[in-house]
Novice: 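Pasting a structure here, questions to come.
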Number of protein chains: 2
Amino acid sequence: MEPNSKYECSCVECKLKTLFFEKVDSNELEMVCSSKIEYQFKKGDTIIREGDFINDFIYLKSGLVKLTRQTSNGKEQILSFAKPFDFVSLLSVFSSKRYNYSVIALDDTSICLLALADVKKTIHENGDFAMNLMVKLSEATDMIILDNLEIRRKHLKGRVAHVLIYFSEYIYKSNMIQLPVSRREIAEYIGMTTENVIRTLSEFKKDGIIRTFGKDIDIVDLVRLRSISEHG
Amino acid sequence: MEPNSKYECSCVECKLKTLFFEKVDSNELEMVCSSKIEYQFKKGDTIIREGDFINDFIYLKSGLVKLTRQTSNGKEQILSFAKPFDFVSLLSVFSSKRYNYSVIALDDTSICLLALADVKKTIHENGDFAMNLMVKLSEATDMIILDNLEIRRKHLKGRVAHVLIYFSEYIYKSNMIQLPVSRREIAEYIGMTTENVIRTLSEFKKDGIIRTFGKDIDIVDLVRLRSISEHG
DNA sequence: GTCATCTTATGATATTTATCACAACGCCTG
DNA sequence: CAGGCGTTGTGATAAATATCATAAGATGAC
């Protein structure tokens, strides 16, 4: 990991405290956060590299990342995207010595890094915290599994529709989306070729379902897009 | 859930104690297990139905199950298979009010059912148990995610090879496998049509890679099967 | 035992998707 | 500003996969 800069900030005031540490008292928070380091990454930076040893507990403070994996035939697969309040390092953090996935910034992104040993200690000592974390872990993985199953059962058009709706509803909460990924990355996410992603987007455009201005996409006919995502 | 019968057995002696409860002292074990019920299911029985409320913490004692999900176009998707020591209900148990998946016995199967509230209480009170559970949950979900990604990047032959190797190595630990699933269920697992699963198996047979006797499959040329799974 | 039903099986054909080839555009760098 | 390179875009063709049709075993109900 090569951070671009290093900041100090107070865990007590951190917005994410409500997510991870709401049940942690100030002594425990002090303990966990004494080792805390905040890092800033620029778009394109690798935050975690697949295969690296896991020593830290990492969570997103701001920005957007993709979780990717190198296949044995040299291609990339994108597992999921994550924004603040979603998990990042946590996915394999308790079950593996090394990261199974890389995490790459799709936008300027800041993370907080805690010593994993301290987090584990807090799990031991604070049942509410443990339970809280269990819920988040379960939610995050469940969502990835369900999403992957959804994508797998759909055809090209349905998959592209799915990913547009995903960004619109889940990431941007708007009909206007500033795609944070290239067509190739969409392809790596939904398991099809770049050419076919482009072709499908062109078709949506021709059919008046979306309008595109480079990376900016405006979803004009959400009803139809949903129907395509669902039935073909 | 409609159990076929009900047994009593001692948690203290249970083999699975080493998995879930090794760090639990006998008082806690008493508490957790006081509500325990053991159920037996026959091949084909539905153990958990997608959409049901989650009230229990369930784990497999013996047998084999599939985790399935109904797609909106009426088809079934198989997420994964699970044998004893793998998780079952745990997948969504901490993040959802209702089960996201059904669990169906592929073989005569017995399960233990604990009151979820008691398990949660033990998580609160016993840090070792909480940590232990976190690790298992993380392992189980990680495996499902990795496996699904692997399947997704492969072509038909690679997928069928993958699933044969999976049953051989992971479930049966032998070159001789007594397929516990139909060709259709394989198709539902790896996302292709039943016809093409059958066709691909026929081809493997013709090429001398496997021998088949109904549901019995003998992997003759594991090296070649691995190569197909990997490269096509 | 026999009828109905499901699974396995195979072939022909249609559809979906990938591959290859090429061009235009933007963007960065020297 | 020129050149290189990655991304977007489109078309023709090849390859992969699904669909449809049909039939032979298997299996279970009565």
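Because only heavy atoms are used, hydrogens play no part in the values below, and waters and symmetry mates are left out as well, while side chains stay in. All of these numbers come straight from a predicted model, not from anything done at the bench. By convention in this document, chain letters (A, B, ...) are assigned in the order of the sequence lines, proteins followed by strands, and residues within each chain are numbered from 1.
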Novice: Angle between the end axes of the helix from dG1(C)-dC30(D) to dG30(C)-dC1(D), five pairs per end, to the nearest 10 degrees?
Specialist: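 Both end axes considered, the difference amounts to 50°.
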Novice: Between the protein and nucleotides 6-16 of chain D, list every N/O to N/O distance that falls short of 3.5 Å.
Specialist:
unit_1	atom_1	unit_2	atom_2	d
dT7(D)	OP1	Arg184(A)	NH2	3.3
dT8(D)	OP2	Arg183(A)	N	3.0
dG9(D)	OP2	Arg183(A)	NE	3.3
dG9(D)	OP2	Arg183(A)	NH2	3.1
dT10(D)	OP2	Ser202(A)	OG	2.4
dG11(D)	N7	Arg199(A)	NH1	2.8
dG11(D)	O6	Arg199(A)	NH2	3.3

Novice: For Thr200(A) and Lys157(A), which I'm curious about, is there any donor-acceptor pair between the side chains at under 3.5 Å?
Specialist: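 Looking only at side-chain atoms, Lys157(A) and Thr200(A) do not form any donor-acceptor pair under 3.5 Å.
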Novice: Answer yes when Glu230(A) and Arg153(A) have at least one side-chain N-carboxylate O distance shorter than 4.0 Å, and no when they do not.
Specialist: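 A salt bridge is present here (some side-chain N lies under 4.0 Å from a carboxylate O).
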Novice: Any side-chain donor paired with an acceptor under 3.5 Å for Asp45(B) and Tyr39(B)?
Specialist: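 Judged by distance alone, the side chains do not pair up.
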Novice: Chain A on DNA chain C: first and last contacting nucleotide, 5' to 3', under 4.0 Å to a heavy atom?
Specialist: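 Contact span on the strand: dT17(C) to dC20(C).
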Novice: Taking the six-membered ring of Phe53(A) as reference, does the NZ or CZ atom of Arg98(A) fall below 6.0 Å from its centre and within a 45° cone about the axis?
Specialist: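 Cation-pi check for Arg98(A) and Phe53(A): passes.
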Novice: Tell me if the centroids of the rings in Phe81(B) and Tyr189(B) come within less than 6.0 Å of each other.
Specialist: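 Here the rings of Tyr189(B) and Phe81(B) have centres that are less than 6.0 Å from each other.
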Novice: Does dA18(D) have its OP1 or OP2 closer than 4.0 Å to a side-chain nitrogen or oxygen of Asn196(B)?
Specialist: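 True: Asn196(B) side-chain N/O within range (under 4.0 Å) of dA18(D) OP1/OP2.
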Novice: Side chains of Leu222(A) and Ile165(A), heavy atoms from C-beta outward: is any pair under 4.5 Å?
Specialist: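 Yes, at least one pair of side-chain atoms sits under 4.5 Å.
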Novice: Could you check whether Asp142(B) and Tyr101(A), counting side-chain N and O atoms only, form a donor-acceptor pair closer than 3.5 Å?
Specialist: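 The criterion, which ignores hydrogens and geometry beyond distance, is satisfied for Asp142(B) and Tyr101(A).
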Novice: Can you see whether Tyr170(B) has Lys83(B) sitting over its ring - NZ or CZ less than 6.0 Å from the centre and within 45° of the normal?
Specialist: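 Geometry flag: set, cation within 6.0 Å and 45°.
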Novice: Give me the atom names and distance for the closest heavy-atom approach of Asp108(B) to Lys42(B).
Specialist: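 That closest heavy-atom pairing would be OD1-CA, 3.5 Å.
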Novice: Flag the pair Lys66(B) and Glu185(B) as a salt bridge only when some basic side-chain nitrogen lies within less than 4.0 angstrom of an acidic carboxylate oxygen.
Specialist: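 The answer is yes: the pair qualifies as a salt bridge.
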